[in-house]
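What follows is a short report on a single structure.
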Amino acid sequence: HPVIEWLHTVLDERECAQWLYGHGDRLPLTGGYAFLNAMTAKYGDARAARFHRLLLEPRAVHFYHSRQRSNHYHGLLSGFMEYDPEADRRALGGAPETPGDGVAHLKHFPDSGVAHYRDDRLGAALALRCGPYAGRHAWLSSACPCDRLGDAPGAGHFVLFLSGQPLLVTPDSPYRLNTFLRSCLLVDGRGQYGDTGYPMSIPSFPMRGEEIESVQWDAAARAGRVRLNLRPAYPEELGMALYLREFVFTGERRILCRDEVLFDRPRQMAWLFQGQRERGVALAGLCAHFGRGPTLRVTPRRVEGPALTATLRETEVV
């Protein structure tokens, strides 16, 4: 049943697409017909019934991968066989079949190491992940090397959507495990543990302790905060004594990403923000602009310390 809560958190129902951290970032909702019917019948969950009806609506779907096409169309048959119209009517009752425009929340899914912010009035959503590849329970309860995989090292990486459009994104990385494929901090040009360039994944990857430390949300103010401890993600030889990252959501059209970093000696730091060339990426001084319709502006807050420079570079993917 928590899967329904997850879908409610990440699903753009008007477009039947999920705002996610991961390859593609914005993915169509495909498959799951029989599952949604079962959740409707077992729990009387109006959201599950509504999601199932969304799946049945004819629409043009852009499939990121061919297996999504199979899930989407082949699943129709099992969904038809499992459909219970009475359970569907009971679950929906007099509830509206589409959500309002005022959804606002900051949800934390501790096992998956995912935090997801959303404010539909602002048209904004932000997703981040910090934790084991398949979740903490899988990592702790299984010694199987495939349940303890390490993928592209990117603790603290995040994606951001405006008006449903992904403006900060996750580049593809299955054949190159490097931190420069994420919106993360590089130190003297180096990334996090696992920044090896290996293809696909690293089996039996150790869990070092990087994590989402806390998530706070004030529903009345539509404001909140996410705090991450990222120091364990970086090699000891970099001399990093502290690395805390906070995302502060103000209830306004501004999100603050604040890093507190301490080293044992001067280091060169590079903060990366990943965009898509086809959506538009530009640089004006220290201010970066992502997107041509809805536009995200990334501006550093001036603080005492090292001089800042900004460059626009291509992220090389395989």
Side-chain angles (χ1 to χ4, degrees), residues 21 113 115 126 128-133 150-160 168-171 173 176-198 201-202 205-214 225-248 254-275 281-290 296-318:
Y21 167 108
L126 183 147
L128 64 93
R129 190 182 68 138
C130 183
Y133 173 79
D151 59 353
H157 167 67
F158 62 103
V159 295
L160 190 144
L168 293 183
V169 302
T170 305
S173 65
R176 170 172 281 175
L177 304 186
N178 289 111
T179 302
F180 66 69
L181 292 158
R182 300 292 181 257
S183 291
C184 287
L185 172 69
L186 301 184
V187 181
D188 290 341
R190 297 180 58 184
Q192 301 175 1
Y193 276 100
D195 187 4
T196 59
Y198 286 178
S201 60
I202 301 175
F205 194 75
M207 187 168 67
R208 301 190 52 82
E210 60 272 18
E211 63 177 348
I212 300 174
E213 283 193 341
S214 63
R225 181 189 305 263
V226 177
R227 180 183 175 98
L228 302 96
N229 177 14
L230 299 179
R231 189 208 58 76
Y234 286 81
E236 298 293 341
E237 57 265 27
L238 293 178
M240 180 183 285
L242 175 74
Y243 184 7
L244 299 176
R245 167 168 282 189
E246 284 189 329
F247 293 91
V248 180
R254 180 172 69 99
I255 297 172
L256 176 65
C257 176
R258 180 167 53 213
D259 281 8
E260 183 180 357
V261 193
L262 296 176
F263 292 97
D264 61 353
R265 69 194 69 176
R267 300 283 185 179
Q268 184 182 65
M269 293 176 285
W271 282 269
L272 309 184
F273 299 89
Q274 306 284 349
V281 181
L283 192 63
L286 294 178
C287 182
H289 297 264
F290 296 85
L296 169 71
R297 185 175 69 221
V298 176
T299 305
R301 297 184 67 175
R302 302 300 302 183
V303 295
E304 294 183 5
L308 297 178
T309 61
T311 59
L312 187 62
R313 299 183 182 180
E314 183 177 11
T315 301
E316 184 178 285
V317 298
V318 179

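Starting from 1, each residue takes its place in the sequence as its number. Bear in mind the structure is a predicted one, so any value in this text is a computation, not a measurement.
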Query raised in the report: Between Glu210, Glu236, Glu213, which is the residue that forms a salt bridge (charged side-chain N to carboxylate O under 4.0 Å, His left out) with Arg231?
Result: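 Among the candidates, only Glu236 passes.
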
Side chain proximity check, [X] to [Y], heavy atoms < 4.5 angstrom:
X: Leu230; Y: Asp259; value: no
X: Pro171; Y: Arg182; value: yes
X: Arg301; Y: Leu256; value: yes

Please answer whether the main-chain N or O of [Y] pairs with a side-chain N or O of [X] as donor and acceptor at a distance below 3.5 Å.
X: Gln192; Y: Ala155; value: yes
X: Asp188; Y: Gln268; value: yes
X: Thr179; Y: Pro153; value: yes
X: Arg267; Y: Val187; value: no
X: Thr315; Y: Leu181; value: no
X: His289; Y: Arg297; value: no

Of all the heavy-atom pairs spanning [X] and [Y], show the shortest one and how long it is.
X: Cys130; Y: Leu228; value: CB-CD2, 3.7 Å
X: Leu168; Y: Phe273; value: CD2-CB, 4.2 Å
X: His157; Y: Leu128; value: O-CB, 3.4 Å
X: Glu246; Y: Arg225; value: OE1-NH1, 3.2 Å
X: Pro300; Y: Leu286; value: CD-O, 3.2 Å
X: Gly191; Y: Leu238; value: O-CD1, 4.4 Å

Query raised in the report: Above 12 or not: heavy atoms from other molecules or residues under 6.0 Å from CD of Glu237?
Result: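 Yes, the 6.0 Å shell around CD holds more than 12 heavy atoms from other groups.
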
Query raised in the report: Could you walk me through whether Glu260 and Arg258 pass the side chain to side chain contact (heavy atoms under 4.5 Å, CB included) check?
Result: CA-CA 7 Å; Glu260 183 180 357; Arg258 180 167 53 213; over 6 Å; no

Requested in this report: Would you confirm whether the ring centroid of Phe205 sits within less than 6.0 angstrom of the ring centroid of Tyr133?
Outcome: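 Between Phe205 and Tyr133, which both carry aromatic rings, the centre distance is not below 6.0 Å.
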
Distance in Å, [X] [atom1] paired with [Y] [atom2], rounded so as to fall on 0.5 Å steps:
X: Met269; Y: Leu308; atom1: CE; atom2: CG; answer: 8.5 Å
X: Asp151; Y: Arg129; atom1: CG; atom2: CZ; answer: 5.0 Å
X: Tyr193; Y: Met207; atom1: OH; atom2: CE; answer: 15.0 Å

Requested in this report: Report the relative orientation of the aromatic rings in Phe247 and Phe158; use parallel for angles under 30°, tilted for 30 to 60°, perpendicular for over 60°.
Outcome: perpendicular

Requested in this report: Show the numbers, then the answer: is there a side chain to side chain contact (heavy atoms under 4.5 Å, CB included) between Arg227 and Leu244?
Outcome: CA-CA 7 Å; Arg227 180 183 175 98; Leu244 299 176; 2.7 Å; yes

Requested in this report: Verify side chain to side chain contact (heavy atoms under 4.5 Å, CB included) between Phe290 and Leu160, making sure each step is shown before the conclusion.
Outcome: CA-CA 10 Å; Phe290 296 85; Leu160 190 144; over 6 Å; no

